[in-house]
Amino acid sequence: MSTYTSDFLNILSSRGYIHQCSDAAGLDALAAKGDVTAYIGFDCTAPSLHVGSLVQIMMLYWLQQSGNKPIALMGGGTTRVGDPTGKDESRKLLSLEDIENNKRGIQDVFSKFLTFGSGKTDAVMVDNAEWLTKLNYIDMLRDVGRHFSINRMLAMDSVKLRLDRESEFSFLEFNYMILQSYDFTVLAQRYGCNLQMGGSDQWGNIINGVDLGRRMGTQQLFALTTPLITLASGAKMGKTAQGAVWLNADMRSPYDYWQFWRNTEDADVGRFLRLFTTLPLDEVKRLEVLAGAELNEAKKVLANAATALLHGDDAAAAAAETARKTFEEGASAAGLPTVSVDLAGGVGVLAALVQAGLAASNGEARRAIQGGGIRVNDEAVKDDKLVLTAADVRDGSIKLSHGKKKHVLLKQQ
RNA sequence: GGGAGAAUGUCCCGAGUGGCAAAGGGGGGGGACUGUAAAUCCCCUGCUUUACGGCUUCGUAGGUUCGAGUCCUACUUCUCCCA
């Protein structure tokens, strides 16, 4: 709530990005002069980032907009070790090719939000594999390891939590924060980086980096974390029926991305407008006080703005139009997903539902029909033996719906 | 190396006296009410073209039994304690 002199911190704080900051006044002074170079690390565990990382990306965006320099750090090296956080057994090590592919998929997203180049405020992308893979264990211990106090690390919340829970805490995991701290000092030395940002869970790791920097004689380093973004209902953000909300268009279409934002809970609209769009705050304040059904207008603004940031204005407009036709006119809009089917001999609804991806098995499809959730051309299906033929085609396709929101157009092969 | 305990419905947690397709949650899906929201209520949530039918499920592999998630043996993995 305090006021800063720098645009950067003012924007971040008024939009709700700041959870903790190590030395706000010192950072503020640097930011006011445009002397902040900040990085955020992204692991290459999937071929695309998802909305969970969007807060971080937006911070880099504002950093650049306010005249400072962003660094997007690809975790090409750290991903090889694999962040072992999370106790599930799915911690399979990724192959080097996978990591490379994932890295390529992730990189594209940043160009939508940041301007890259070699100018003062141009963004830079680096991969920590560049230095981490060349590390020599003995040298590492002598140069870096001696600065880490086990006593202090054991006192860290993240570590204590694991020890208290009596769950295993591997050496690998214990080392993760050392690698991350080391990244920070390398970036500080090579690129003059002086700020690391991240989610609130990263606080301990980032602070360790700040400390290591001091011990190794870098310039003063700073830490800044964002609050954990959850939904008003308490659920984790970004999880939907179809899985994670990916940012890459080939993994989640702009239409579905738009729908994700359109379905935001009422209580989240204002917060999300601040975090995930660049709308002026006056406009946000006007929108978030809308009550009842009127709030839907604010959700459309949110969906349009967020989709436009990622996929561009045209894609956002197209998604909005498809949604309008589908939901407000009940028509089958051309923008819906399409599946080719051979209608010549007739296709059973059950099979059609499975082929269209609206049901995982015939049994599930049948249950959906029994529950009254399936419609063909907007007419409820009661008989699971119904056969779809060319006679059901309207305007070139058959509209198959599961529930209110999932629609697929069937087209003759 | 020694000792103790655990693995259940391929999303998660979790009950389970030898008769079990297996309790209960969470999550997810559908319906009602609404505003493509939340909350609430109802239904569904292993596969199989109906099924009181068939098939496949309780870490893996064998065994005992008419019958095994449940008992026995070996193995695997995980956790904790001691060294």
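Residue numbers start from 1 in every chain, and the chains themselves are labelled A, B, ... in the order their sequence lines are given, proteins ahead of strands. These numbers were taken from a predicted model, which means no experiment stands behind them. For the numbers below, each heavy atom of this structure counts, side chains included, while hydrogens, waters and symmetry mates do not.
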Please give the nucleotide sitting opposite B/rC80 as a Watson-Crick or G-U wobble pair, both distances under 3.5 Å, or none.
B/rG3

What's touching nucleotides 54-58 of chain B from the protein side, N or O pairs under 3.5 Å?
none

Could you please spell out the steps behind the salt bridge (charged side-chain N to carboxylate O under 4.0 Å, His left out) verdict for A/Arg271 and A/Glu288?
CA-CA 9 Å; A/Arg271 199 158 49 105; A/Glu288 70 179 336; over 6 Å; no

Given B/rG30, B/rG35, B/rU36, which nucleotide is nearest the side-chain atoms of A/His402?
B/rG30

Rounded to whole angstroms, how far apart are CG on A/Leu353 and P on B/rU49?
14 Å

Please report the distance separating the C1' of B/rU60 from the corresponding atom of B/rA38, rounded so that it comes out in whole Å.
47 Å

Between atom CD in A/Glu297 and atom P in B/rU36, what is the gap in whole Å?
11 Å

For a quick check under 3.5 Å, do A/Asp122 and A/Thr115 share a side-chain donor-acceptor pair by atom type?
no

Given that A/Asp384 and A/Glu364 both sit by RNA chain B, which one's nearest nucleotide is further toward the 5' end?
A/Glu364

Assign each of A/Arg375 and A/Leu295 the nucleotide of RNA chain B bearing its closest heavy atom; nearer the 5' end lies the nucleotide of A/Arg375

Give A/Asn362 one of three labels, base, sugar-phosphate or nothing, depending on what nucleic acid heavy atoms sit under 4.0 Å from its own.
sugar-phosphate

With rounding to the closest Å, how many angstrom separate the C1' atoms on B/rU8 and B/rU70?
11 Å

When you compare B/rG26 with B/rC47, how far apart are their C1' atoms, in angstrom units rounded to a whole number?
24 Å

Rounded to whole angstrom, note down the P distance from B/rG28 over to B/rA22.
25 Å

Would you measure the distance from the P atom in B/rA6 across to the matching atom in B/rU17 and give it in whole Å?
13 Å

Set out, in order, the CA-CA distance, both residues' side-chain angles and the distance that settles ring-ring contact (aromatic ring centres under 6.0 Å, His included) for A/Phe110 and A/Phe42, then state yes or no.
CA-CA 11 Å; A/Phe110 290 94; A/Phe42 298 88; 4.9 Å; yes

Sole candidate of A/Thr307, A/Asp314, A/Asp313 that passes side chain to side chain contact (heavy atoms under 4.5 Å, CB included) when paired with A/His311
A/Thr307

The nucleotide from B/rU34, B/rA37, B/rG30 with an atom nearest the side chain of A/Lys299 is B/rA37

Which whole-number value in Å describes the distance from A/Leu358 CG to B/rG30 P?
10 Å

A/Leu386 atom CG is separated from B/rU49 atom C1', nearest whole Å, by 13 Å

Among the nucleotides B/rG35, B/rU36, B/rU50, whichever has the atom closest to the side chain of A/Arg366 is B/rU50

Between B/rG46 and B/rC11, how many Å separate the two C1' atoms, rounded to a whole number?
14 Å

Complementary nucleotide for B/rG62 - Watson-Crick or wobble, under 3.5 Å:
B/rC72

Once you round it to whole Å, what is the distance between P of B/rG28 and CG of A/Asn263?
13 Å

Can you tell me whether the base of B/rC20 sits syn or anti, using the 90° cut around 0 to define syn?
syn

Parallel, tilted or perpendicular, judged at 30° and 60°: which one describes the rings of A/Phe327 and A/His407?
perpendicular

How would you label the contact of A/Glu294 with the nucleic acid (heavy atoms, under 4.0 Å): base, sugar-phosphate, or nothing?
nothing

State the pairing partner of B/rU17; accept Watson-Crick or G-U wobble contacts with both distances under 3.5 Å, and report none otherwise.
none

With a 4.0 Å cut-off on heavy atoms, is A/Arg367 in touch with a base, just the backbone sugar-phosphate, or nothing at all?
sugar-phosphate

Counting only Watson-Crick or G-U wobble pairs whose two distances fall under 3.5 Å, which nucleotide matches B/rG53?
B/rU48

A/Trp261 and A/Asn304: side-chain donor and acceptor closer than 3.5 Å?
no

Touch class at under 4.0 angstrom, heavy-atom based, for A/Gly292 against every strand present:
base

What's the closest nucleotide to the side chain of A/Ala293 if the choices are B/rG35, B/rA37, B/rU34?
B/rG35

I'd like to know if A/Gln259 reaches the base of B/rU36 with its side chain such that a donor and an acceptor end up less than 3.5 angstrom apart.
yes

Got a salt bridge between A/Asp211 and A/Arg214, using NZ or NE/NH1/NH2 to carboxylate O under 4.0 Å?
yes

Mind checking the P distance from B/rA7 to B/rC12? Whole angstroms is fine.
15 Å

Kindly write out the residues that satisfy salt bridge (charged side-chain N to carboxylate O under 4.0 Å, His left out) with A/Arg375, not counting sequence neighbours, or none if the list is empty.
A/Asp378

Atom pair distance, as rounded to whole Å: CZ in A/Arg262 and P in B/rA37
8 Å

For the base of B/rU36, is there a side-chain donor-acceptor partner from A/Lys300 under 3.5 Å away?
no

In whole Å, what separates the C1' atom of B/rU48 from that of B/rA21?
13 Å

Starting at atom CD1 of A/Ile369, determine the distance to atom P of B/rU49, rounded to an integer number of angstrom.
13 Å

A/Asp266 has its side chain closest, among B/rU49, B/rA38, B/rG35, to B/rG35

A/Lys405 NZ to B/rG29 C1', straight-line distance once rounded to whole Å:
12 Å

Could you list all the salt bridge (Lys or Arg N to Asp or Glu O under 4.0 Å) pairs where at least one residue sits in residues 294-308 of chain A, not counting sequence neighbours?
A/Asp266-A/Lys299, A/Glu297-A/Lys300, A/Lys300-A/Glu328

Please state whether the phosphate of B/rC47, meaning OP1 or OP2, lies under 4.0 angstrom from any side-chain nitrogen or oxygen of A/Ser361.
yes

Tell me, yes or no, whether the heavy-atom count around A/Glu379 atom CD, taken from other residues, nucleotides or ligands under 6.0 Å, exceeds 12.
no

